[in-house]
J.: 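I have a structure here, written as structure tokens, and I will follow up with some questions on it.
Naming: A, B, ... by sequence-line order, numbering from 1 per chain.
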Protein chains: 2
Amino acid sequence: MTSTPLLARPTGLRADSARNRALLLECARTMLARDPANTSLNSLAVAAGVGVGTVYRHFPNTRVLLESIAVDAFAVLLERIRVLEVHSGGAAAFEEMIRTTFELLADDPGLAAVLAQPDFECADVHDIAIEFSGLVAAMIASARTVGALRPSITADDIRRLLNGLHTATQGLAPARRSEYVDVLLAGLRPPS
Amino acid sequence: MTSTPLLARPTGLRADSARNRALLLECARTMLARDPANTSLNSLAVAAGVGVGTVYRHFPNTRVLLESIAVDAFAVLLERIRVLEVHSGGAAAFEEMIRTTFELLADDPGLAAVLAQPDFECADVHDIAIEFSGLVAAMIASARTVGALRPSITADDIRRLLNGLHTATQGLAPARRSEYVDVLLAGLRPPS
DNA sequence: ACCTGAACACCGTTCAAGT
DNA sequence: ACCTGAACACCGTTCAAGT
């Protein structure tokens, strides 16, 4: 009874299955970009020209679809954060982490969903999330040591605040958005 | 052709209509408190024991229902802000306004919806919103004069930030929530 | 293995028919 | 003037039947 774990990026699919999967993901991305409100699993099936059951075979629910869309961006984000931790110092790395995450967040609708609710359906996304929050925790600790961060802030607080900032800046011009990040970063420094 | 405007709190209803309205609002409040995800206009009709059409007669869509639920809390909020502006000074009044709004926001699901999207269906809620944002703008101006606020912040920014903070603190203990407000307030002060 | 599409429960919304 | 409930389009989800 070796039950295969749910993966955002599964391997060893039959050729037609893999083709359908890729087609569905591409359709979903364009639909989410065009009209996110009307992006349903049923309408996705129609748009892709496959049966509803095929959509549900690949993505048992909307959450899995979003995680599958997000996994690439999430992996990129993780890699950038890793680089930051090595190259920059404590406080600077932390700030760059916030900015980078926020920027990728605004570009990927799946990533926003992933960050909004930390209960992951796909094993690989879960793994990335664990490693991500570990890195964030390390950056927090290091920034705190330098006295550049409020002592009570945790990695989950950062996740929540980034998510909140994302909803706050919905539909705002990029230039204006970066100012909101400035507000957050200033607020995170320890009170004098 | 004097078309009656849509009101969150209409007057001159027939006795049975007014009774139904009150019943629906009470049912909706308890349903939203118990299980917000499953609070639909159809299930509200069932819970209240009236036809679906009756619900739609009183509340043409979910937004109107939420505004109708929010109008009382919104009026209370407006009154408190008015008092603040008179009694406190510029910077203090601004900070108290943020705290007060945020607290009422957490207690009223309707108010959160109202703040999330500033396109109002009910005339009276619209009026309150206009006056509210006017007062906020005045407080902003006054706090800015004292040098206690970032110059670029507008009343709409405050609305967005409060909304974002609300989603960020979803499901958090009240004590922890107030710390998020501290972060926001610190971030809103002008960078040194 | 994988795909199809009918089917069911549910939701938002409308409207003819009633009092 | 207001209420009722059938009805329609849509969405999430399941599953028997096919290849």
Side-chain angles (χ1 to χ4, degrees), chain A residues 1-7 9-28 31-32 34-69 109 113 117 119 121, chain B residues 1-7 9-28 31-32 34-69 109 113 117 119 121:
Chain A
M1 268 238 333
T2 56
S3 71
T4 22
L6 197 50
L7 292 178
R9 214 202 264 118
T11 83
L13 291 179
R14 226 168 61 178
D16 56 342
S17 181
R19 210 166 24 225
N20 269 337
R21 219 193 114 81
L23 171 67
L24 285 170
L25 280 175
E26 192 190 318
C27 273
M31 287 180 77
L32 281 171
R34 264 202 249 288
D35 184 8
N38 289 349
T39 301
S40 67
L41 294 185
N42 278 268
S43 61
L44 174 58
V46 174
V50 304
V52 219
T54 303
V55 174
Y56 275 85
R57 159 163 275 265
H58 287 287
F59 314 106
N61 51 58
T62 312
R63 171 77 192 193
V64 172
L65 174 64
L66 289 173
E67 287 187 16
S68 303
I69 285 180
Q117 277 262 341
D119 52 354
E121 299 258 1
Chain B
M1 267 246 327
T2 58
S3 72
T4 23
L6 196 50
L7 292 178
R9 216 202 262 117
T11 83
L13 292 179
R14 226 169 62 179
D16 56 342
S17 181
R19 210 167 23 225
N20 268 337
R21 221 193 112 82
L23 171 67
L24 285 170
L25 281 175
E26 194 190 315
C27 273
M31 285 178 78
L32 281 170
R34 264 203 250 287
D35 186 8
N38 289 349
T39 300
S40 67
L41 294 185
N42 278 268
S43 62
L44 174 58
V46 175
V50 304
V52 219
T54 304
V55 173
Y56 275 85
R57 161 163 274 264
H58 288 288
F59 314 106
N61 52 58
T62 311
R63 171 76 192 193
V64 172
L65 173 65
L66 288 173
E67 287 189 15
S68 303
I69 285 180
Q117 277 263 341
D119 52 353
E121 299 259 1

J.: Write down the distance between CG (B:Leu44) and P (D:dC3), rounded to a whole number of angstrom.
T.: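 Whole-Å distance recorded here is 13 Å.
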J.: Near DNA chain D, under 4.0 Å by heavy atom, which residues of residues 47-55 of chain B?
T.: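 Contacts with DNA chain D under 4.0 Å: B:Val50, B:Gly51, B:Val52, B:Gly53, B:Thr54.
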J.: Check whether A:Ser68 reaches the backbone of A:Val64 with its side chain - one donor and one acceptor, N or O, closer than 3.5 Å.
T.: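 Looks like yes, one N/O pair under 3.5 Å.
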J.: Extract all donor-acceptor atom pairs below 3.5 Å that involve side chains of residues 46-54 of chain B and protein atoms in other chains or at least two apart in sequence.
T.:
none

J.: Using a cut-off of strictly less than 4.0 Å between a heavy atom of the residue and any atom of DNA chain D, enumerate the qualifying residues of residues 56-64 of chain B by number.
T.: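 Correct list: B:Arg57, B:His58.
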J.: What is the distance, rounded to the nearest whole Å, between atom CG of A:Asn38 and atom C1' of D:dC10?
T.: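 To the nearest whole Å, that distance equals 10 Å.
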J.: Within less than 4.0 Å of OP1 or OP2 of D:dG12, is there a side-chain N or O belonging to A:Asn42?
T.: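 Indeed, a polar side-chain atom of A:Asn42 lies that close.
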J.: Starting at atom CG of A:Leu13, determine the distance to atom P of C:dC2, rounded to an integer number of angstrom.
T.: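 Computing the A:Leu13:CG to C:dC2:P distance gives 6 Å.
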J.: Closest approach of B:Pro10 and B:Leu13, non-hydrogen atoms and distance?
T.: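 It is CG-CD1, 4.0 Å.
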J.: Looking at A:Ser40, does any N or O in its side chain come under 4.0 Å of the phosphate oxygens OP1/OP2 on D:dC10?
T.: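 Negative; the distance criterion is not met.
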J.: Would you please confirm or rule out a distance under 4.0 Å between OP1 or OP2 of C:dC2 and any side-chain N or O of A:Asn20?
T.: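 No, because none of the side-chain N or O atoms of A:Asn20 sits under 4.0 Å from OP1 or OP2 of C:dC2.
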J.: Main chain of B:Glu67, side chain of B:Glu121: is a donor-acceptor contact present, judged purely on distance under 3.5 Å?
T.: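 No; judged by distance alone, with no hydrogens or angles, the pair does not exist.
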J.: Nearest-Å distance, CG (A:Leu41) to C1' (C:dC3)?
T.: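 It works out to 16 Å between those atoms.
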J.: Can you list the stems that DNA chain C is part of, where a stem is at least 3 pairs in a row, each Watson-Crick or G-U, with both distances below 3.5 Å?
T.: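 So the stems come out as C:4-8 with D:12-16, C:12-16 with D:4-8.
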J.: Atom CG of A:Asp16 and atom C1' of C:dT4: how far apart are they, to the nearest Å?
T.: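 My rounded result for the distance is 13 Å.
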J.: If you define the side chain from C-beta out and look only at heavy atoms, does anything of B:Leu65 sit under 4.5 Å from B:Val55?
T.: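 Side-chain contact under 4.5 Å: no.
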J.: Atom CZ of A:Phe59 and atom CG of A:Leu41: how far apart are they, to the nearest 0.5 Å?
T.: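 Output value for this atom pair is 9.0 Å.
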J.: Please give me the minimum heavy-atom distance between B:Asn38 and B:Ser43, naming the atom from each residue.
T.: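 Between these two residues, the closest heavy atoms are O-OG, 3.4 Å.
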J.: Under the side-chain contact (heavy atoms from CB on, under 4.5 Å) rule, collect the residues that match up with B:Gln117, sequence neighbours excluded.
T.: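 Once residues adjacent in sequence are excluded, the partners of B:Gln117 under the side-chain contact (heavy atoms from CB on, under 4.5 Å) criterion are B:Arg63, B:Asp119.
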J.: Figure out the CG/C1' separation between B:Leu66 and C:dG12, and round it to whole Å.
T.: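 Result: 14 Å.
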J.: Quick one: side chains of residues 14-26 of chain B, donor-acceptor pairs under 3.5 Å with protein atoms, not counting sequence neighbours, listed by atom name and distance.
T.:
unit_1: B:Arg14; atom_1: NE; unit_2: B:Asp16; atom_2: OD1; d: 3.2
unit_1: B:Arg14; atom_1: NH2; unit_2: B:Asp16; atom_2: OD2; d: 3.0
unit_1: B:Arg21; atom_1: NH2; unit_2: B:Ala8; atom_2: O; d: 2.4

J.: On a heavy-atom basis, which atom in B:Ala113 and which in B:Leu66 lie closest, and how many Å separate them?
T.: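 For B:Ala113 and B:Leu66, the tightest heavy-atom pair comes out as CB-CD1, 3.6 Å.
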J.: In terms of the nearest nucleotide of DNA chain C, which residue is placed more toward the 5' end: A:Gly12 or B:Arg14?
T.: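 Going by which nucleotide is closer to the 5' end, it is A:Gly12.
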